[in-house]
Undergrad: 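Sharing a structure below in structure tokens format, with a few things to ask.
Because only heavy atoms are used, hydrogens play no part in the values below, and waters and symmetry mates are left out as well, while side chains stay in. Residue numbering restarts at 1 for every chain, and letters A, B, ... go by the order of the sequence lines.
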Amino acid sequence: MAKGITKRSEDYAQWYIDVVLKAEMAEYSPVKGCMVIRPTGYGVWEKIQQHLDRMFKETGHVNAYFPLFIPESFLKKEAEHIEGFAPECAMVTHGGGKKLEEPLAIRPTSETIIWSTYKNWISSYRDLPILINQWANVCRWEMRTRLFLRTTEFLWQEGHTAHATHEEAEEETVRMVHVYRRFAEEYLAMPVIVGRKTRREKFAGALHTYCIEAMMQDGKALQAGTSHHLGQNFAKAFDVKFQDKDKELKYVYATSWGVSTRLIGGMIMTHSDDNGLVIPPRLAPTPVVFVPIWRSDAEKKLVLDTARAITRDWDPLFCRIDDRDQYKPGYKFNEWELKGIPVRVEIGPRDVAAGTVVAARRDTGEKVTLPAGTLREQLDALLADIQQNLFDTARKRMEERTYTVDSYEEYKARVEQGGFFRVFLDHENPEVEERLQEDTRSTVRCIPFDAPDEEGPCMITGKPCRGRVIAAQGY
RNA sequence: CGGGGCGUAGCGCAGCCCGGUUAGCGCGCUUGGUUUGGGACCAAGAGGUCGCGGGUUCGAAUCCCGCCGCCCCGACCA
């Protein structure tokens, strides 16, 4: 059907690249590892921003902006942090034709520049909490890149909060991972497992990291959002203290949390099919496209006038009337399918005469004839149904491909086929995880919040463990 | 960094082994006409430093040497 898209069953990785490129979400740029996000892809990012930004503000956060450049010495102030990020930092050594006195890192993340600033803002418990988010680009020199999933430069948001107590910071860390879960489920229609990262997988410089993990159609895991409790590590590194009610001088507690343009990759790999992109309605910049059908000039006028009359009072961003002359309807059907538009409305002379239109949904391909008079209400219902169906389908897939396994032999034999594996593993010991990765190219994705209270032997060492973790191969 | 692939028109490719007229095909693009309910057709056009540099030769997209770039697969990571 679709021209030039590799089938998922043939080569999943190539299918993904084909969809991104053919749907015009993004394309390769002249710079290795960097991509151009095209209007179709950027429009989805804008929807993500719009909804998430609202959720952040509803939970008391405000936006600000900090510099792209970070003095090298700042990065070095937190030992674990620099160890984690130094290898992947892009450094600026020259500016204005002169060698800089101190090299500047292009931010891989902004904890250091932000905490050096918070030092000036915080002196009393009355200055806390600080609840700030920034929308920004960051740069990480990864060895291997993939469109949207891992690019050298990427867009994201990073929240950086400051609190008086450990408990308050912990509450914030938990709150934000649940904001991400809700966003993933309600907007991306992407079911996720919420949990904690193991010591080996946590953020460099954090006490612990919470995350949401999604399952792609090939059964591989995608880390889709993280929320870190940074404790007093950055406050100590940047000497950020406040005087508390009890007159004591104390270090501030910190959190940080982020999601990136990787979410778009996750959206694509969760819902799209062999005919191309599928965008969940709530993230579609344009949820509905009208394809008018005509033969003569008289019919063209009649059909277009009718389509315009039907949509006259609608939000102009809700639908587009594709009145391009150079393409036949069949071409347009395929194009909008490839580009993932949730609902296509066909309207021709027959429909005008009958006072109806034909609506085709992207997720199932099903077509229904609807009366033109109440179209807007019916479209809203249809879009809501598509949104729900996408989520249900993805959730069913995740449930069906989540397995409980106790033997390491069985795990090794099956993990390559994809899926989430509920296993006992001694994740307190990083060497055990290392062995897991060496043997199977898989990792512990998270220790789920809602894991039943079970006890059993670590599948590798036999050591007694409490609670199962989720292990899988990931992106 | 290891393994593989590719660089020729906007895109996808052929030509290269075995050097030789004016570098070709499909798609797309422009103009005109006919078409239009699942990727239309006819006709006429426009469009090229053959990745870069050097060498061999009367003559190089083609042979030789060097360089560069990008993509894919692994190890590292959101």
Side-chain angles (χ1 to χ4, degrees), chain A residues 1-6 11-14 16-18 21-22 24 27-35 84-89 108-109 137-158 180 197 200-204 209 211-214 221-228 256-266 275-276 291-297 299-300 303 322-338 344-352 354 356-358 360 365 367 369 434 437-438 441 443 473-475:
Chain A
M1 267 254 265
K3 278 186 187 165
I5 296 185
T6 307
D11 182 345
Y12 190 81
Q14 189 58 48
Y16 173 75
I17 294 163
D18 288 346
L21 261 24
K22 305 272 178 189
E24 299 182 354
E27 65 185 35
Y28 295 108
S29 76
V31 182
K32 181 191 176 114
C34 294
M35 63 175 177
F85 283 107
E88 55 190 54
C89 269
T109 178
N137 58 340
V138 287
C139 189
R140 297 182 188 176
W141 219 265
E142 304 287 357
M143 298 184 213
R144 175 133 149 62
T145 55
R146 280 163 172 274
L147 293 165
F148 286 114
L149 299 176
R150 186 172 300 106
T151 46
T152 302
E153 181 197 6
F154 58 96
L155 305 181
W156 78 347
Q157 59 68 217
E158 47 182 329
Y180 289 154
K197 283 289 183 191
R200 185 167 178 268
E201 298 282 326
K202 74 176 174 64
F203 178 76
T209 291
C211 65
I212 55 171
E213 293 282 327
L222 184 77
Q223 177 176 311
T226 48
S227 181
H228 318 292
S256 69
W257 27 273
V259 297
S260 72
T261 35
R262 166 180 274 195
L263 287 180
I264 298 174
N275 292 325
V291 177
I293 297 151
W294 64 77
R295 284 185 199 80
S296 62
D297 282 349
E299 278 183 353
K300 177 179 175 181
V303 168
D322 184 358
D323 58 0
R324 291 176 300 174
D325 234 339
Q326 69 268 38
Y327 300 115
K328 297 194 358 172
Y331 181 94
K332 295 177 183 177
F333 294 172
N334 282 286
E335 178 177 356
W336 295 121
E337 236 159 61
L338 172 63
R344 178 184 73 242
V345 173
E346 305 168 16
I347 178 165
R350 291 205 301 263
D351 300 294
V352 174
T356 60
V357 302
V358 174
K367 285 190 186 189
T369 301
E434 206 138 320
Q437 182 159 19
E438 272 171 31
R441 281 172 44 217
T443 53
Q473 291 194 340
Y475 277 95

Undergrad: Could a donor-acceptor pair under 3.5 angstrom be found where the side chain of A:K367 meets the base of B:G38?
TA: yes
Undergrad: Touch check for A:P87, heavy atoms < 4.0 angstrom, all strands: base, sugar-phosphate only, or nothing?
TA: nothing
Undergrad: Which part of the nucleic acid does A:A224 contact within heavy-atom distance under 4.0 Å: base, sugar-phosphate only, or nothing?
TA: nothing
Undergrad: Reckon A:L222 touches a base, only the sugar-phosphate, or nothing at all at heavy-atom distances under 4.0 Å?
TA: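 Counting heavy atoms under 4.0 Å across all strands, no contact is made by A:L222.
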Undergrad: Given B:G39, B:C29, B:C71, identify the nucleotide with an atom nearest to the side chain of A:K32.
TA: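 The closest nucleotide is B:C71.
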Undergrad: For B:G48, give its Watson-Crick or G-U wobble partner with both distances under 3.5 Å, or none.
TA: none
Undergrad: On RNA chain B, check which nucleotide each of A:Y28 and A:W156 is closest to and give me the residue with the more 5' one.
TA: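 Checking each residue's closest nucleotide, the 5'-ward one belongs to A:Y28.
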Undergrad: Can you measure A:Y327 atom OH to B:G37 atom P for me and round it to whole angstrom units?
TA: 16 Å
Undergrad: Tell me which nucleotide, if any, is Watson-Crick or G-U wobble paired with B:C70 when both distances must be under 3.5 Å.
TA: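 Paired with B:G5.
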Undergrad: Could you tell me the Watson-Crick or G-U partner of B:C41, where both distances fall under 3.5 Å? Say none if there is no partner.
TA: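 With both distances under 3.5 Å, B:C41 matches B:G33.
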Undergrad: Touch check for A:V358, heavy atoms < 4.0 angstrom, all strands: base, sugar-phosphate only, or nothing?
TA: base
Undergrad: What contact category does A:Q157 fall into here, base, sugar-phosphate, or nothing, at under 4.0 angstrom with non-hydrogen atoms?
TA: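 The residue A:Q157 makes no contact with any strand.
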Undergrad: A:D18 and A:T6: side-chain donor and acceptor closer than 3.5 Å?
TA: yes
Undergrad: How would you label the contact of A:G265 with the nucleic acid (heavy atoms, under 4.0 Å): base, sugar-phosphate, or nothing?
TA: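 Nothing, no heavy atom under 4.0 Å.
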Undergrad: Would the base of B:G39 count as contacting A:E335 through its side chain, where contact means a donor and an acceptor less than 3.5 Å apart?
TA: no
Undergrad: Kindly point out which of B:A75, B:G38, B:U36 is positioned nearest to the side chain of A:F333?
TA: B:G38
Undergrad: Nearest-Å distance, CG (A:D325) to P (B:C29)?
TA: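 For the pair A:D325 CG and B:C29 P, the rounded distance is 14 Å.
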